[in-house]
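Throughout, a chain's letter reflects where its sequence line sits, starting with A, and its residues are numbered from 1.
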Number of protein chains: 2
Amino acid sequence: MLIRSSTPEALRQNNSLSVLSALRRQGALAHTDLCAQTGLASATVSAITAILERDGVIERLEQKPAGGRGRPRVLFQPKRDCGYLAAVRISSDQVQYSLVDYAGRLIDRFEEPRLGGDGATEAFGQSFLAALARLAERSRLARDQVLAISISSKGIVDPGAARLVWSPVFGGAALDFSALLGGVWPARVLLANESLLVAQAIAAQREGQGHIPAIAALSLGHSIGLGLARRDRHGEWEVSAPNFGHMQHVAGGSLCRCGSQGCVEAYAGFYAVLRTAFQVPPQTIPAKFVPIAEIDKIAAQARAGHRMAIYAFRQAGQSLGAGLARMMSLFGSMPVAVTGPGLRFFGLMQEGLLEAFAETHEGRLNGVPLILPMTGEDELVFEGHVTRALAEMDVMLATGQGGGAP
Amino acid sequence: MLIRSSTPEALRQNNSLSVLSALRRQGALAHTDLCAQTGLASATVSAITAILERDGVIERLEQKPAGGRGRPRVLFQPKRDCGYLAAVRISSDQVQYSLVDYAGRLIDRFEEPRLGGDGATEAFGQSFLAALARLAERSRLARDQVLAISISSKGIVDPGAARLVWSPVFGGAALDFSALLGGVWPARVLLANESLLVAQAIAAQREGQGHIPAIAALSLGHSIGLGLARRDRHGEWEVSAPNFGHMQHVAGGSLCRCGSQGCVEAYAGFYAVLRTAFQVPPQTIPAKFVPIAEIDKIAAQARAGHRMAIYAFRQAGQSLGAGLARMMSLFGSMPVAVTGPGLRFFGLMQEGLLEAFAETHEGRLNGVPLILPMTGEDELVFEGHVTRALAEMDVMLATGQGGGAP
DNA sequence: CGGTTTTTCTCGACAGTCGAGAAAATATTT
DNA sequence: AAATATTTTCTCGACTGTCGAGAAAAACCG
């Protein structure tokens with residue numbers, strides 16, 4: 001929506017983008033609606049839709065909604081086949097590849113097991129390229145029809161470049177997807193943390209209803225993720241994934257999977273709950289993987305009144321509450337959406353969380369935050385992929401770089 | 001530099017702003033320089049400078065720098081008298097009023113004692129209005145020649161509205177400067193935390209030399225302030241003043257002046273150092289005011305090897321180190337400029353700070369941050385006022401709202 | 001005093017937005 | 001069935017703005 005350049009062409013690109021993104025987000029709109037939505041003059045909208053139609057980016061809807069009197073409206077809609085995006089979700093045990101069209105429809109999807117053990121980043125790169133090629137081929141798409149490749153993982157991401165800095169999956173071996181895909185795929189490459197995508201999806205969902213200035217997405221599981229969506233000065237969503245899970249909770253505290261002591265994750269991650277509940281010394285090296293059934297057992301004990309089990313979840317909640325209060329001291333108050341496989345244990349953590357939050361300056365000044373439990377993290381991550389990548393595609397299509405008539 | 005509107009007029013305003021702000025920041029530039037700086041075509045620059053000159057915003061420099069061959073350059077510069085800003089700095093004991101012209105020159109300045117005790121916000125408002133009127137009158141300025149009023153205080157500020165939410169001076173009594181000045185003064189009202197202004201000033205200083213993506217300004221004193229300057233997506237500085245001093249350091253820790261327990265300030269503020277050094281119980285209600293000479297004495301003792309004095313500063317450093325590590329977990333690594341009256345004790349805190357920082361995940365991943373001790377906090381705050389307000393005035397003058405020919 | 005050089009200024013072409021009114025296509029009324 | 005009303009889309013001319021190229025200006029140099 002914002003342009004930096006100074007020429008009338010840039011103005012047109014900017015206005016084209018307004019029209020196109022309004023059209024894509026709202027489905028099908030008539031000339032009149034577009035004027036109202038974008039604030040552009042009727043003549044300008046005519047000029048822009050004419051060009052977008054000529055370039056094969058939008059089309060007229062056939063089925064005319066017969067309504068009241070007057071000349072019937074002609075509805076425009078984006079062409080579904082004018083560009084595609086590939087969404088790749090990297091989990092600890094598998095990689096999911098999805099192909100989505102410009103209307104946001106899922107076209108194809110498959111999973112592959114994640115190859116190799118630790119440090120097998122080279123092999124992973126090769127299987128990644130092969131899978132992407134397969135994804136395009138199965139739908140008979142040329143590579144230049146895929147306009148964006150959106151990749152997600154848990155871990156720390158370099159926001160500028162598409163570079164994975166640290167992840168529970170690959171450890172500290174930096175993985176540069178831009179370099180990996182550059183030259184082979186002409187698409188724009190996006191890389192994001194999973195929690196960032198969840199925040200993005202929730203922000204997009206709430207776009208219409210009321211003006212929420214910010215929202216946090218907290219993901220509970222073996223590791224702890226936090227995504228932030230905030231509106232910037234210009235009213236646009238600015239999403240980020242701060243390194244919340246490894247923010248220090250207590251100096252010299254429990255040993256974390258990352259090797260440091262006292263991280264939030266070392267109190268609120270699954271392995272931490274397990275460690276506390278079984279009274280394993282807190283400096284014990286954490287379990288690599290904890291089946292969720294184990295945590296379910298501890299939760300059942302806690303609900304039955306078992307003291308150490310209750311304490312384990314309470315302590316997890318306290319570390320989250322203190323961490324969130326610290327985060328909001330810096331970013332301001334905001335509602336918190338809770339997701340992830342650990343959501344089902346949140347009831348056991350909530351009291352500790354709110355208690356720890358309430359005793360901070362942030363809690364005393366602004367009260368405890370609104371907590372929104374949200375099921376379906378997988379869908380939210382996918383929605384986040386789609387939201388981000390489609391917005392990127394809007395820009396490409398509006399500025400005439402890539403895509404267009406098939 | 002960014003436009004949101006869609007019309008050719010907005011384009012012109014945008015380009016005018018590029019020209020004007022380049023001119024103001026660099027002093028005096030010729031037509032050719034402006035083309036190079038802004039990237040605009042020569043003809044466009046001619047058109048814009050002609051209008052700005054006609055409107056009395058810029059003028060031709062008389063003194064021509066006789067140079068080599070060729071037609072001599074004509075240098076443009078902003079007119080000093082085309083608009084003024086008032087900078088108001090509210091301290092605990094006094095209020096400083098400054099009048100600055102569009103060239104950034106200090107025209108007039110006076111201090112007034114801050115009236116009334118706690119809760120005397122009403123009386124303060126009246127004296128504030130009277131002092132502003134006096135400031136304009138002493139320089140024989142009409143009110144509409146003052147384009148911006150920039151106000152600073154320690155404490156928490158509502159970034160959108162010019163509303164002081166909490167301050168050590170007024171406590172929780174919210175003070176709405178927009179409402180106070182609206183109607184009486186046509187100027188734009190800006191309100192900022194002092195540390196934010198320091199960060200803004202340092203960011204502006206480093207603007208030229210190298211591309212620093214972010215910088216933090218840490219102010220040490222009776223209270224602890226943090227200002228952040230980060231570049232956003234569009235490469236512009238985004239400054240903020242997170243509530244760092246009252247971020248929780250230790251749950252259930254020492255009593256803070258704000259009434260909560262365990263805030264960073266309750267370990268690193270002057271009163272905290274005093275309390276620890278004299279082994280006063282940490283839940284004792286903090287002293288309202290500590291003469292800096294007291295801290296100097298403790299520092300002397302520490303340098304002489306007195307154990308509790310050393311520990312007091314060390315503990316302060318540790319709370320700062322842990323807090324900065326938490327901050328950088330969320331915002332990313334950045335250099336830290338240290339200012340404030342407590343800077344002279346920083347040598348005694350530094351070891352504890354770096355030690356606490358190094359043991360966090362942030363410290364292990366990215367190393368300890370670059371620390372830049374900076375003397376002259378007062379000047380930096382003033383520079384921040386001027387930088388911010390002048391940038392605001394650029395926009396007003398370029399869009400033709402207010403200011404211009406006297 | 002006429003070339004050279006550098007800078008500023010000017011002109012016409014081109015791109016874009018806008019407001020107003022014409023044209024189109026339907027429902028309703030006579 | 002024709003005329004009228006209504007709503008929407010399309011088109012035209014005016015205006016604003018940017019740009020490239022070349023003309024004009026103003027110095028220095030030989």
Side-chain angles (χ1 to χ4, degrees), chain A residues 3-20 23 28-55 58-77 398-400, chain B residues 1 3-20 23 28-54 58-77 398-400:
Chain A
I3 64 176
R4 189 166 247 305
S5 181
S6 55
T7 86
E9 268 114 320
L11 202 56
R12 164 58 61 91
Q13 289 181 350
N14 195 30
N15 290 337
S16 288
L17 179 58
S18 302
V19 169
L20 184 57
L23 220 40
L29 293 175
H31 181 101
T32 320
D33 304 324
L34 286 172
C35 292
Q37 291 269 336
T38 61
L40 295 170
S42 167
T44 308
V45 171
S46 284
I48 289 173
T49 51
I51 290 176
L52 289 176
E53 195 176 9
R54 168 172 63 74
D55 291 351
I58 65 174
E59 65 190 350
R60 282 153 200 267
L61 194 61
E62 291 311 314
Q63 154 243 10
K64 286 172 188 172
R69 38 202 290 172
R71 178 172 175 171
R73 323 179 128 205
V74 296
L75 295 176
F76 289 101
Q77 69 177 6
T399 54
Chain B
M1 296 290 189
I3 66 175
R4 186 166 250 307
S5 181
S6 54
T7 86
E9 268 115 319
L11 202 56
R12 164 56 62 90
Q13 289 180 350
N14 194 31
N15 289 339
S16 288
L17 179 59
S18 303
V19 169
L20 185 57
L23 220 41
L29 294 175
H31 182 101
T32 320
D33 305 324
L34 287 172
C35 292
Q37 292 270 334
T38 61
L40 296 171
S42 167
T44 308
V45 171
S46 284
I48 289 173
T49 52
I51 291 176
L52 289 177
E53 195 176 8
R54 169 172 62 74
I58 64 174
E59 64 189 351
R60 284 154 199 266
L61 196 59
E62 291 312 312
Q63 153 242 9
K64 287 172 188 172
R69 29 204 297 170
R71 179 173 174 170
R73 322 179 127 204
V74 295
L75 296 175
F76 289 101
Q77 69 177 7
T399 55

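The phosphate of D/dT9 (OP1 or OP2) has a side-chain N or O of A/Thr32 nearer than 4.0 angstrom. Between A/Asn15 and C/dT17, a side-chain N or O to OP1/OP2 separation shorter than 4.0 Å is present. A close approach under 4.0 Å does not occur between any side-chain nitrogen or oxygen of A/Arg71 and OP1 or OP2 of C/dA23. The side chain of A/Thr44 contributes an N or O atom lying less than 4.0 Å from OP1 or OP2 of C/dC18. Remark: A/Ser42 is not in phosphate contact with C/dA20, judged by side-chain N or O atoms under 4.0 Å from OP1 or OP2.
Closest heavy-atom contact between B/Leu29 and B/Leu34: CD1-CD2, 3.9 Å. Of all the heavy atoms in A/Leu75 and A/Ala30, the pair that sits closest is CD2-N, 3.5 Å. When all heavy atoms are compared, the tightest approach of A/Ile58 to A/Thr49 is CD1-O, 3.8 Å. The nearest pair of heavy atoms linking B/Leu61 to B/Ala28 is CD2-CB, 4.2 Å.
Both A/Gly70 and A/Ser46 sit near DNA chain D, but only A/Gly70 has its closest nucleotide nearer the 5' end. For A/Pro8 and A/Ala47, each mapped to the nucleotide of DNA chain D holding its nearest heavy atom, the one lying further toward the 5' end belongs to A/Ala47.
The side chain of B/Thr7 approaches C/dC18 more closely than any other nucleotide in the set C/dT7, C/dC18, D/dG17. Checked against C/dC18, C/dA15, C/dT17, the side chain of A/Leu11 finds its nearest nucleotide in C/dT17. Of the candidate nucleotides D/dG17, C/dT10, C/dT8, C/dT10 has the atom lying nearest to any side-chain atom of B/Ala43. Residue A/Ala41 has its side chain nearest to C/dG19 when only C/dG16, C/dG19, D/dT9 are considered.
Taking atom CD on A/Glu53 and atom P on D/dT9, their separation rounds to 13 Å, with Å as the unit. Put simply, CZ on B/Arg60 is 9 Å from C1' on C/dT8, counting in whole angstrom units. Taking atom CD of B/Gln13 as the reference point, atom P of C/dT17 lies 16 Å away to the nearest angstrom. Taking atom CG of residue A/Leu17 and atom C1' of nucleotide C/dG16, one finds them 17 Å apart after rounding to whole Å. A/Leu52 has its CG atom 13 Å from the P atom of C/dG16, to the nearest Å. We find that CZ of A/Arg69 is positioned 12 Å from P of D/dT8, with the value rounded to whole Å. Rounded to a whole Å, the CG atom of A/Asn14 is 13 Å from the C1' atom of C/dG16. Taking atom CZ on A/Arg12 and atom C1' on C/dC14, their separation rounds to 13 Å, with Å as the unit.
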Query raised in the report: So B/Arg73 and B/His31, side-chain contact (heavy atoms from CB on, under 4.5 Å) or not? Walk me through it.
Result: CA-CA 8 Å; B/Arg73 322 179 127 204; B/His31 182 101; over 6 Å; no
